[in-house]
Engineer: 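Quick one: structure below, then a few questions.
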Amino acid sequence: MTAATSTTPATGAVRIRAAFDAARAAKRTALVPYVVAGRPGIDACVDLVEQLVAAGADVIELGVPFSDPLADGTVIRNATRRALDDGMTVAGVLDIVRAVRACDVEVPIILMGYVNPLLAYGLEAFCADAASAGVDGLIVPDAQQLVALRSAASANGLGITMLVTPLSSEARIRELATQSTGFLYAVATTGATGARTDVADATLDLLVRARAAAAGVPVAVGFGISTPEHVARLAPHADGVIVGSALVELVEQDAAAAIARVGELAAATRTA
Amino acid sequence: MTAATSTTPATGAVRIRAAFDAARAAKRTALVPYVVAGRPGIDACVDLVEQLVAAGADVIELGVPFSDPLADGTVIRNATRRALDDGMTVAGVLDIVRAVRACDVEVPIILMGYVNPLLAYGLEAFCADAASAGVDGLIVPDAQQLVALRSAASANGLGITMLVTPLSSEARIRELATQSTGFLYAVATTGATGARTDVADATLDLLVRARAAAAGVPVAVGFGISTPEHVARLAPHADGVIVGSALVELVEQDAAAAIARVGELAAATRTA
Amino acid sequence: MTRQAHAPAQPADALDGFRLDAHPMQEHFGPYGGSWIPEVLVPAATRIAHAWADARQDPDFLAEYAHLCRTFIGRPTPLQDAPRLTSHAGGARILLKREDLAHTGAHKINNAIGQALLAKRLGVTSVIAETGAGQHGVATATACALLGIECVVHMGSHDIERQHPNVVRMELLGATVHPVDEGTRTLTDAVSSAVRAWISDPEGTYYLIGSAVGMHPFPTMVRDLQCVIGHEARVQSLALVDQLPNAVVACVGGGSNSIGTFVPFVADEGVELHGAEAAGDGIDTPRHASSIAGGRDGVLHGAHTKLLQDDDGQVLPTHSISAGLDYPGVGPEHAQLAATGRATYHPVTDAQAMDALEVLCRTEGIIPAIESAHAIHLAVELASTRSSDEVVLVTVSGRGDKDLSSIIAWREGRLGDAR
Amino acid sequence: MTRQAHAPAQPADALDGFRLDAHPMQEHFGPYGGSWIPEVLVPAATRIAHAWADARQDPDFLAEYAHLCRTFIGRPTPLQDAPRLTSHAGGARILLKREDLAHTGAHKINNAIGQALLAKRLGVTSVIAETGAGQHGVATATACALLGIECVVHMGSHDIERQHPNVVRMELLGATVHPVDEGTRTLTDAVSSAVRAWISDPEGTYYLIGSAVGMHPFPTMVRDLQCVIGHEARVQSLALVDQLPNAVVACVGGGSNSIGTFVPFVADEGVELHGAEAAGDGIDTPRHASSIAGGRDGVLHGAHTKLLQDDDGQVLPTHSISAGLDYPGVGPEHAQLAATGRATYHPVTDAQAMDALEVLCRTEGIIPAIESAHAIHLAVELASTRSSDEVVLVTVSGRGDKDLSSIIAWREGRLGDAR
Ligand SMILES: Cc1ncc(COP(=O)(O)O)c(C=O)c1O
Ligand SMILES: Cc1ncc(COP(=O)(O)O)c(C=O)c1O
């Protein structure tokens, strides 16, 4: 059930799962770059995503800007604020996804955002429009308890990814893994998003626990991962690594450097 | 019992009473200029007093500087402050009196001051030293109730002058007149010292009441009197007029003008 | 002690009989409330919720809280007649509930002391708080000094400017003031910043929220602690005027003084409840902070509530001359009270509040906080339409000392000109 | 109301039983006191003395005073344990009498309300007051606003600078602030200026003095009104620690909070009374304001008392970091208590007071007025030499909000450098 074996390309949760499976088959951890939708500009963002995929991204995580990104660090907050100042909206994010898909990008695209803009759009309408625009999955960190979101997502074939943290109990990890379709997100550290200088023991411990509890659901790790060394260190323990703030920071300075960095990170994804 | 009839010149209460009697005999109200002891300088003050007498002063009132002159207006407070800044003391005031007497000034000299410096000096010692320096009387507005001061004064032959105000009852005026030796001081207005522009009806009323109650003790009026017109207006109703702030203000600017002003005021003292 | 002949008929102590568990502990207030939080906060929020469920019915905890209320905060605060304000309004009799007399100058201390006691009970040695007007920051710094707990207060840099004396007070009390330089640099940004700091160490720190907002159990807990206002006011009103008030009024920022004032009267059907929201330049302008009058349902800082937001669900910048009301959301229990019609919420502009502030100064010798002045305006407006045998009770949530520079600037027209 | 199970054993209301005529009305306190005033003031002072003799024993007047104390001022103010300050001192148990919680932030309001009621009883429609720290000015402006009386406050221009927030408060309350630009431009000059204004219209105005100083009947009247502090504290001490305090401490400027604290304990022979005077840079320097430790008998502002003066009887300039203690005289009843040895007076320097201020902030979450910090220093010093079963009761006369800029300047060393 991988994308390679189906005739019409798989979408949604299925496509996400397929991407992780393909990486695993290639003895790699899937590389999941995170970029803020609309940065460094609408067209530039479309180009950026296309080139990140060309540079080795297995999955793309697109941040949906929100005015009060509670769990995000300075880098992402600033990029978010600029995107909003430039007029980015939820509908605008879906336009970007459509444009990306029009460039024949086939990797899974996952939207990560806070719940309020989705509520304002309407959960049902949003999931339907997202799916038809080419979105495959959703991460909504402040709405893990929202059954209506899970229903709307699954009704439209969208994957839902829950987050677990070093503080989550075994039982809680199991519960959230069960609710996750596509993959489970292991938050590497407590604290907001933002690049860190090392990989904590707590992160490795979490990954061990999460993989054990996840019962086959792929586990991707994110928060604080910035260098190829981090990726190499984590690759054996995770089905995917998500690189957020470190990349967003590069994008804000020089998109070409970000693309180059993804190439370097991709080279570090071998798990064995 | 006037100064004119005794062989050694009378001093103290006697000399004060004599001066008022002499003015009355000459159909004049006695002119009592007030100057701050030590202004505009120690020697200059001695000269000033001498010249005020020459210009027509019947009695001299010398202010003893105090740091907190509760009942005085801005003009006298400022002059007082300057005198203190120049080192004026109670002993220094007595020195000035001695120097004035050495110039053969024979008019009564009355010290007006607040009680605290006198207490610090010692009431008995002060009255003795004052009398021997040539002082004739005392006005201590914040110690009208101080029996010890009255005793010490009378033991040294010094006159004591009490103040009455437009708010004083008949009985109170009588009481204070009885306690006054030399003359009774009628405060023309409520309010602190300071030149006023007119003579209030209340002042005339007070003078009528005070003279009736004073049973022969001369009544001098002060506070707010500045011009020859004031003096002329009050002369028929008072045994003396005291000119304070208006003169002090002139002294601070130009002592010669102050002397000239006393000449003008003296010319307005005719009572009939 | 025997009561003295001429003492007015007041209860022995209006705080008597107060209970922290008088009202149900709720995660949801109808469609509002909840725990819209990142997973990392779930264990801490859950632990706090359990601890509060336990503490609120523990007689020893209540005794310690009530003891500090009496001896440290100065409770009960008086309920006073306001005869000159009443004649100014020319209608119903106005009573003032004097939270301005509470230690540190506002009702915020009722909550800060209670939560600091809870933090201590949880064994936490470090507290994080946000502040807008600075009152909650000062209250928290105070509670932490009293109990020997470390304290970091997040405060928008705009608020740091307009509430400078409170910054100095926090520092004197040993707290660290953490400036927040994002967004509108006001309360909402400070909340986000404080929550992020809490996320960094949810086990080692306690997030001491300053209003009845945020994720469960904060709206309930803050309400429980602030209900001391309404409990006392109810007892005092019965003693002072032999009846319940016809209307109860309070200002609504996050909504803590108002929820604490309202809830003990909710079961009294005849008592109207009125909230004064900050209307800034007016709710028909973009410069206001009236979440109920001008907002729509949404999620902010962990709660589903009324929220000032644009069509795309982005939280709107707010404006109020009062830093303490300058917040785009409101406590979820208010959203429910508004939805059910049990309470009514009224926008009050900057200018109306500042006029009311001067009126209270001149008629009753009380300089209220600008926040509280919003409630005074509303109380006067309501009273003026009622008959003289009706009673309007208004909570003066705090004193205006912290606002002197804003008041001066307003009078000099600077705030007006900056529009 | 029934008392709740866990409420601490406190009296129903420590203000109960308070009487304004509990102590004799005296013109003279041994050799001190009296009426050293210009004749023009005699009728007004006499009228006030008669009116006070009457009012102090009128149950209706007391009832009105007590009612405003309860509902407007927020009395009784708490007496609180200070466990962390006690451990800091490492000796006797320290109790704090919380006058900082009184409306407007200091004990001054107890007096201002009482005298404003008297002014109203006298039918006077305009009040004159002096102020140093601004607390008495604010208290008077407040009382006048409450009662609808016009108010002019005389204030030294130096104090206007160092206590600016209080100037704004007075103006908000509708009072006129009259700057005094003479002498050291502090409290003593403000008193003189206010007295002169009173002299200008002794019939139409009422001079509302701010401390237990000046001519008869002010020292008695202010004492009578401030005795509410000591009365409450005595009742509260018996309730809280089951005994009278071993020592009672208060700061002494003019001496009103201290006389009000002390007098209800004077008859309790075992209770020591300790006053903290402002020693500025030290009483061995020319920059201090310790009238009892460093002064001699003299007459100022109508009373015979202890006075800082030079050999020629000129009143000396004073210095204290606290505007409220920066006065060269002291209430005549203190001069007598010192002369008879019933009370002891101790100089406390600027630096000692400022250290004590920070200690109280950090240990108990209370920012005291700099004036009160003098008393805190003395209380800690006394407590540290006593055993742990002794009790030291200290009056916190006011809160420190008015002093924030002085505190900042002190910390930045500016005040120190200005020496
Ligand atoms: C005096 C005062 N009143 C009211 C408020 C508004 O808060 P809330 O709505 O939570 O009572 C504040 C907030 O800082 C305040 O300081
Ligand atoms: C807080 C405070 N404490 C003490 C004083 C000193 O005055 P008194 O000695 O009359 O209590 C003042 C005077 O302004 C004050 O404001």
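All values below come from the heavy atoms of this structure, side chains included, with hydrogens, waters and symmetry mates left out. Chain naming here is simple, since letters A, B, ... match the order of the sequence lines and numbering starts at 1 in each.
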Engineer: Please flag which part of Pro65(A) lies under 4.5 Å from any non-hydrogen atom of chain C: side chain, backbone, both or neither.
Structural biologist: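 For Pro65(A), the backbone is the part near chain C, not the side chain.
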Engineer: For the OG atom of Ser67(A) and the CG atom of Leu300(C), what is their distance to the nearest 0.5 Å?
Structural biologist: 7.5 Å
Engineer: If you count heavy-atom pairs within less than 4.5 Å of chain C, which of Leu118(A), Val187(A), Asn78(A), Thr89(A) leads?
Structural biologist: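 Heavy-atom pair counts peak at Thr89(A).
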Engineer: Quick check on the interface: out of Val164(A), Thr165(A), Asp142(A), who has the most heavy-atom pairs with chain C under 4.5 Å?
Structural biologist: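 Highest number of heavy-atom pairs under 4.5 Å: Asp142(A).
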Engineer: Quick check on Asp201(A): does its CG atom have over 12 non-hydrogen neighbours (other residues, nucleotides or ligands) under 6.0 Å away?
Structural biologist: no
Engineer: Where on Tyr121(A) is there a heavy atom nearer than 4.5 Å to chain C: the side chain, the backbone, both, or neither?
Structural biologist: neither
Engineer: Flag the one option from Leu84(A), Asp68(A), Leu176(A) with the top tally of heavy-atom pairs under 4.5 Å to chain C.
Structural biologist: Asp68(A)
Engineer: What are the two closest non-hydrogen atoms of Phe66(A) and Gly313(C), and how far apart are they?
Structural biologist: CE1-O, 3.2 Å
Engineer: Would you call Arg81(A) and Glu182(C) a salt bridge, using N to O less than 4.0 angstrom?
Structural biologist: no
Engineer: Side chain, backbone, both or neither: which part of Val40(C) has an atom under 4.5 Å from a heavy atom of chain A?
Structural biologist: both
Engineer: Side chain from CB out, backbone as N, CA, C, O: work out which of these in Pro38(C) comes under 4.5 Å of a heavy atom of chain A, or both, or neither.
Structural biologist: both
Engineer: Is chain A contacted by the side chain of Asp189(C), its backbone, both, or neither, given a heavy-atom distance below 4.5 Å?
Structural biologist: neither
Engineer: For Asp311(C), I'd like to know if atom CG has over 12 heavy atoms of other residues, nucleotides or ligands within 6.0 Å.
Structural biologist: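 Incorrect, the count does not exceed 12.
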Engineer: Against chain A, label Leu316(C) side chain, backbone, both or neither, depending on which of its atoms sit under 4.5 Å from a heavy atom there.
Structural biologist: neither
Engineer: Would you say CG of Leu122(C) has more than 12 non-hydrogen atoms from neighbouring residues, nucleotides or ligands within 6.0 angstrom?
Structural biologist: yes
Engineer: Rounded at 0.5 Å granularity, tell me how far CD in Gln145(A) sits from CD in Glu27(C).
Structural biologist: 8.0 Å
Engineer: Roughly how far, to the nearest 0.5 Å, is NE2 of His304(C) from CG of Asn116(A)?
Structural biologist: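 Reported value, rounded in 0.5 Å steps: 7.5 Å.
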Engineer: Is there side-chain contact between Pro117(A) and Gln314(C), with at least one heavy-atom pair below 4.5 Å?
Structural biologist: yes
Engineer: Out of curiosity, Leu70(A) CG to Leu41(C) CG, how far, rounded to the nearest 0.5 Å?
Structural biologist: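 If I round to the nearest 0.5 Å, the distance is 7.5 Å.
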Engineer: Could you tell me the separation between the OG1 atom of Thr46(C) and the CG atom of Leu167(A), rounded to the nearest 0.5 Å?
Structural biologist: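 Going from OG1 on Thr46(C) over to CG on Leu167(A), the span is 11.0 Å.
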Engineer: Where on Val140(A) is there a heavy atom nearer than 4.5 Å to chain C: the side chain, the backbone, both, or neither?
Structural biologist: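 For Val140(A), no heavy atom lies under 4.5 Å from chain C.
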Engineer: For chain C, which of Ala120(A), Ser169(A), Pro166(A), Pro69(A) has the most heavy-atom pairs under 4.5 Å?
Structural biologist: Ala120(A)
Engineer: Sort Ser193(C) into side chain, backbone, both or neither according to what part of it lies under 4.5 angstrom from a heavy atom of chain A.
Structural biologist: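 Neither part; nothing is under 4.5 Å.
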